[in-house]
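To keep things clear, I will list the structure first and then write my remarks on it.
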Amino acid sequence: MPELPEVEVTRLSFASRIAGARILSVRMGKALRWPLGCAPALLVGRIVLGVRRRGKYLLIDLDQGLLMLHLGMSGSLSFVADLPASGKHDHFAMLTTQGTLTLNDPRRFGAVVYADAQDTGSASTLLGRLGVEPLTDDFDVDRFHAGLKRRKAAIKQVLLAGEVVVGVGNIYASEALFQAGIRPTVPAERLSRPRVARLHAAIRDILGRALTSGGSTLRNFSSASGEKGHFQFETMVYARQGEPCRVCARPIKLLRQGQRSTFYCPQCQKP
DNA sequence: AAAAGCCCCTGGATGC
DNA sequence: TGCATCCAGGGGCTTT
């Protein structure tokens, strides 16, 4: 579910409200992707300093150590002041002096992992291979071009892998490639610099607009304050196979790349 | 080293 | 109404 815009929307919806809170209790439900990495009781009494984002991970900084959260495919957070009843798929809940943070995740591909401050292990394992943040100045055309030059795989899959640039998932990869006029199957190394520049601009534009729209809500995504996204109504190609391209009216095509669906316009996107 | 496949899990939509 | 099949915003791990 959540790509960079959804994760960032989530962060913005509770970061300031939880900052400064003291953890009162932690409740675990069914197993997520990985074990928490410490006894839940160890977190009690710690203070939440703030919430950062790295790629699709949320990093909750504590006065001692940090929690790394991932929403997987179906996860969403809520942060409410009153004590919420536990729902069927609430697999992590953290009661604090300022509210309760709950991870609801039906498919349980998500994760909550504790890392000690000096623990270079789990943090670097999870975050170590991540590419550049697309909405920062570090993401420039030169660096992007250099990164793509080293990849022979299809550009769509290079984007999804997140080792060159992070945060671009299945929806926004298709959308950005459409906006840049690039066929998803083009080997990354073969993209000319002007095309890379167009893709660079398209990624920033799409992610920025999705952020402004509160992300995309396909099934049940909502921010930690319960707001649904509405970017799904603005997609040019995603989930529109067989429907007319909004630019040229040719039917949008669907193909599978690495067990994921890719959507593109055969007319507007050149090989 | 990089690329391609496999798998984790639940639920909703679709087809018979 | 029931059951079988396929598909879904991700990504780590194993195999080529």
Side-chain angles (χ1 to χ4, degrees), chain A residues 1-11 29-35 37 53-58 68-77 87-92 103-113 121-131 134 147-176 185-190 203 206-207 209-211 213-223 228-235 237-241 254-263:
Chain A
M1 140 243 238
E3 306 182 32
L4 184 148
E6 291 76 26
V7 177
E8 181 66 7
V9 163
T10 297
R11 188 185 73 82
K30 291 173 81 170
L32 294 164
R33 186 188 247 273
W34 298 296
R53 181 189 55 72
R54 178 73 178 98
K56 297 171 187 167
Y57 285 90
L58 283 173
M68 299 181 284
L69 275 70
H70 199 289
L71 302 179
M73 283 282 255
S74 58
S76 60
L77 286 178
K88 182 176 181 189
H89 299 296
D90 294 345
H91 302 305
F92 173 86
L103 172 65
N104 182 277
D105 185 5
R107 293 178 72 181
R108 294 191 279 125
F109 290 171
V112 182
V113 176
S122 57
S124 67
T125 305
L126 253 40
L127 310 177
R129 315 205 62 176
L130 296 183
L148 296 182
K149 268 267 172 275
R150 292 185 280 105
R151 305 299 184 117
K152 297 185 197 300
I155 181 61
K156 160 81 171 350
Q157 296 185 262
V158 171
L159 291 178
L160 281 191
E163 293 178 353
V164 177
V165 58
V166 294
V168 183
N170 212 35
I171 297 179
Y172 303 119
S174 280
E175 293 299 312
T185 48
V186 178
E189 63 173 2
R190 293 236 300 267
I203 288 170
I206 294 286
L207 294 180
R209 283 168 43 214
L211 202 46
S213 300
S216 300
T217 296
L218 264 45
R219 296 183 133 78
N220 48 24
F221 170 75
S222 62
S223 74
K228 304 243 180 238
H230 49 271
F231 189 82
Q232 69 275 17
F233 300 121
E234 297 180 34
T235 59
V237 290
Y238 184 80
R240 296 195 66 244
Q241 70 276 21
L254 162 66
L255 68 90
R256 296 198 72 81
Q257 291 178 289
Q259 0 273 98
R260 312 297 298 278
S261 293
T262 301
F263 306 87

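Letters A, B, ... are given to chains in the order of the sequence lines, protein chains preceding strands, and every chain is numbered from 1.
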On a whole-Å scale, what distance lies between the C1' atoms belonging to B/dG11 and C/dG12?
23 Å

Side-chain donor or acceptor of A/Glu175 paired with backbone N/O of A/Val237 under 3.5 Å
yes

Closest-nucleotide mapping onto DNA chain B: is A/Arg129 or A/Gly258 further toward the 5' terminus? I mean the 5' end.
A/Arg129

Under 4.0 Å between any heavy atoms, over every strand shown, what does A/Tyr238 touch: base, sugar-phosphate, or nothing? Just pick one.
sugar-phosphate

Rounded interatomic separation in angstrom, taking CD from A/Glu189 and C1' from B/dA2:
11 Å

Distance, rounded to the nearest Å, where A/Arg256 contributes CZ and C/dC7 contributes C1':
7 Å

Taking only the side-chain nitrogens and oxygens of A/Lys56, find out if one of them lies under 4.0 Å from OP1 or OP2 of C/dG11.
yes

Is DNA chain B part of any stem, that is, at least 3 consecutive Watson-Crick or G-U pairs with both distances under 3.5 Å, and where?
B:2-8 with C:10-16, B:10-16 with C:2-8

Might you work through the side-chain contact (heavy atoms from CB on, under 4.5 Å) test for A/Val9 and A/Leu211, ending with a clear yes or no?
CA-CA 6 Å; A/Val9 163; A/Leu211 202 46; 3.8 Å; yes

Separation of A/Arg150 atom CZ from B/dA3 atom P, in whole Å?
10 Å

From CG of A/Leu32 across to C1' of C/dG10 the rounded distance in Å is 14 Å

Separation of B/dA2 atom P from A/Glu163 atom CD, nearest Å, is 8 Å

State whether a side-chain donor-acceptor pair under 3.5 Å links A/Asn170 with A/Lys156.
yes

Is a side-chain donor or acceptor of A/Lys149 paired with a backbone partner of A/Glu189 at a separation under 3.5 angstrom?
yes

I'd like to know if the side chain of A/Glu8 reaches the main chain of A/Pro5, judged simply by a donor and an acceptor atom lying under 3.5 Å from each other, with no hydrogens or angles considered.
no

Going by atom types alone, do A/Arg256 and A/Thr262 pair a side-chain donor with an acceptor below 3.5 Å?
no

Distance check needed: C/dC7 C1' versus A/Leu255 CG, whole Å only.
16 Å

Can you tell me how far P in B/dA1 sits from the matching atom in C/dG11, rounded to whole Å?
22 Å

Taking CG from A/Leu71 and C1' from C/dA8, how many angstroms apart are they, rounded to a whole number?
16 Å

Counting N and O atoms only, with roles assigned by atom type, does the side chain of A/Glu3 sit under 3.5 Å from a partner on the main chain of A/Ile171, one being a donor and the other an acceptor?
yes

Just wondering, do A/His91 and A/Leu103 contact through their side chains at under 4.5 Å, heavy atoms?
no

Is A/Tyr57 touching bases, backbone alone, or none of the nucleic acid, heavy atoms closer than 4.0 Å?
sugar-phosphate

Residue A/Ala153, side-chain heavy atoms: nucleotide from C/dG10, C/dA8, B/dA4 that is nearest
B/dA4

Whole-Å distance between C/dG11 P and A/Arg54 CZ?
12 Å

Treat primed atoms plus P, OP1 and OP2 as sugar-phosphate and everything else as base, then score nucleotides 7-12 of chain B 5' to 3': B for base contact with protein heavy atoms under 4.0 Å, S for sugar-phosphate contact only, - for none.
-BBBB-

More than 12 heavy atoms of other residues, nucleotides or ligands under 6.0 Å from CZ of A/Arg190: yes or no?
no

Report the nucleotide, chosen from C/dG12, B/dA2, C/dC7, that has the shortest atom-to-atom distance to any side-chain atom of A/Ser261.
C/dC7

Please indicate whether A/Lys152 has more than 12 foreign heavy atoms, meaning atoms of other residues, nucleotides or ligands, lying under 6.0 Å from its NZ.
no

